[in-house]
Amino acid sequence: MNADVRNRLNQTPEWTALAKHREELGEVRLRDLFAADPGRGTGYTLQVGDLYIDYSKHLVTDETLRLLRELAAATDVFGLRDAMFRGEKINTTEDRAVLHTALRAPRDAVVEVDGENVVPQVHAVLDKMSDFAERVRSGAWTGHTGKRIKNVVNIGIGGSDLGPAMAYEVLRSFTDRDLTVRFVSNVDGADLHEATRDLDAAETLFVIASKTFTTIETITNATSAREWLLGELKAGQEAVAQHFVALSTNAGKVSDFGIDTANMFGFWDWVGGRYSYDSAIGLALMIAIGPDRFREMLDGFRLVDEHFRSAPAESNVPLLLGLLGVWYGNFHDAQSHAVLPYSHYLSKFTAYLQQLDMESNGKSVGRDGQEVDWQTGPVVWGTPGTNGQHAYYQLIHQGTKLIPADFIGFAEPVAELGDGLRAQHDLLMANFFAQTQALAFGKTPDEVRAEGVPEELVAHKTFKGDHPTTTILARELTPSVLGQLVALYEHKVFVQGAVWNIDSFDQWGVELGKVLAKRVEPALTETFTSAAAAAGSVAGLDESSKALVA
Ligand code: F6P
């Protein structure tokens, strides 16, 4: 299908067929769907790697799924997928290839960008990272005064923070517990202060993570960290080499900052920030968990990459999850999507997905430069499940909004927990299973009455049900399973961007705020000799902002 036709997505026969089908289905009840098909609970499931996916509690029939797959075929999702894997420049507004999948390609794979195989470079950086990580972990790499490194502070923001910070939390039970690993992102100096105030500078390594090495928050924090370090050590610039390393694509800026480019770990413009934590951006994580576990995580990513690349549409999990999102966003007017992990270790997982999904698909202009007139990416939100149950689940159960949700859980607790704490896992999982059941099937007025509830409370205690959920279940949380989960969401986001005909790999929407912040800053930091001079400095601002700055 050519770009012109794709941009009239909502006039295609496939879209119209889905709209008609939605009308015909009406208020479909999950109770009815399960009653009509006793095999639904096992039939509407898929397996990819270690992930068991149950999509039976969705407001869909075989026909819905067939029509959604037809939409995917009409919008050539698999064609774009193949172009991505081949290294074509599918990020058209930045004229870049999109090759995070090459970051986990095996050593002998060939993936070409502009005629050059990028896989050897990927493995050269991985090897250099592994060597460095081992030196830090073993104590062979020391600080300026000769002390062993005990603290690692990653300074970065967005994709240069969220990925490694999330993965560090997820894999905490696999980390070297003698190392303190912290992540600083906010330009609010309080973030750096709290991360460093109890550390011995002589034992601290700063990992400055910035693809561009121009991001104001990161460079400001890195500069302050350098001042703190040199002040604490009472040392000159020569101390920087042992305490600062850089993760970047911009060697010039790294060297301008004063970091030896021998201590720089590179990546490439074909790795988007939000797709980068399995590149050099994962160095702090690799130091924490060790190179072997980092590679296990990459294997997990690769497993799902291969599945996405080769599984037929009927059993392709990222395709399915992407299309279910299209179904709710475009045919049920759902505005948001909740991701609810039942694992404390996944506490930052949804925050990570917010960037992955919302920075990728929060677009309203199509790949052809035309405004789209259909809904694109949803608001993604959520926190670990049991905490959410006592906060916002009320709205999901009995509010007026349709909120599709992913429930992520694990059959076993992490190995490190002692017996008493392991037993709590059953309670956690009892909640996990109970919630999706309640959301799907609710409680009818008759069931409420049968419990002896007085008539005036029956409506209040009735649960309508039919709140759609996907259950993603794995036996245990391992580095590989984390890689599988992240790749699953990466490709789900890809599928949706392909259907909506948007460029999921640029992020022009974050630029304007950055430019305006630069314009406001002098008005806040300069000392003015006269009121007129002060007024002049805010002259370019709108009336409201001028008053606020004053
Ligand atoms: O928020 C915009 C953004 O460009 C993200 O996409 C990126 O992850 C983040 O800024 C950080 O950028 P950098 O790694 O270049 O510092």
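Atoms within each ligand, like the ligands themselves, are counted from 1 in listed order.
- Of all protein heavy atoms, the one closest to atom 5 (C) of ligand 1 is Glu359 OE1, 3.4 Å.
- Listed by atom number, the atoms of ligand 1 under 4.0 Å from Gly273 heavy atoms are 8 (O).
- Considering only non-hydrogen protein atoms, atom 13 (P) of ligand 1 sits nearest to Thr215 OG1, 3.3 Å.
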Yes or no on side-chain hydrogen bond (donor to acceptor under 3.5 Å, both in side chains) for Asn221 and Asp191, after CA distance, side-chain angles and deciding distance? CA-CA 9 Å; Asn221 274 322; Asp191 198 1; 5.6 Å; no
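- Nearest-residue assignment for atom 4 (O) of ligand 1 (options Gln507, Glu217, Lys253; heavy-atom criterion): Gln507.
- At the shortest separation from atom 2 (C) of ligand 1 among protein heavy atoms lies Val510 CG2, 3.4 Å.
- Taking every non-hydrogen atom of Ser210 and a distance limit under 4.0 Å, the qualifying atoms of ligand 1 come out as 13 (P), 14 (O), 15 (O), 16 (O).
- The side-chain tip of Arg226 points at the ring of Phe257 from less than 6.0 angstrom away and within 45° of straight on.
- Annotation: cation-pi geometry not satisfied between Arg135 and Phe132 (NZ/CZ under 6.0 angstrom from ring centroid, within 45° of ring axis).
- Remark: Lys128 qualifies as a cation-pi partner of Phe265 under the 6.0 Å distance and 45° angle criteria applied to the six-membered ring.
- The six-membered or imidazole ring of Tyr352 lies away from that of Tyr489, with a centre-to-centre distance of 6.0 Å or more.
- In terms of protein heavy atoms, atom 10 (O) of ligand 1 is closest to Lys514 NZ, 4.6 Å.
- Nearest protein neighbour of atom 8 (O) of ligand 1, counting heavy atoms only, is Gly159 N, 2.6 Å.
- If you check which protein heavy atom lies closest to atom 9 (C) of ligand 1, you get Ile157 O, 3.6 Å.
- In this structure, the ring of Phe294 has its center no less than 6.0 angstrom from the ring center of Tyr277.
- For atom 15 (O) of ligand 1, the closest heavy atom belonging to the protein is Thr212 OG1, 2.6 Å.
- Ligand 1 has no N or O atom lying under 3.5 Å from any N or O atom of Thr218, backbone or side chain.
- Side-chain N/O atoms of Arg274 and Ser360 include a donor and acceptor closer than 3.5 Å.
- In terms of heavy-atom proximity, Thr101 sits nearest to His491 at CG2-CE1, 3.9 Å.
- Residue Ser160 approaches ligand 1 through these ligand atoms, each under 4.0 Å from one of its heavy atoms: 13 (P), 14 (O).
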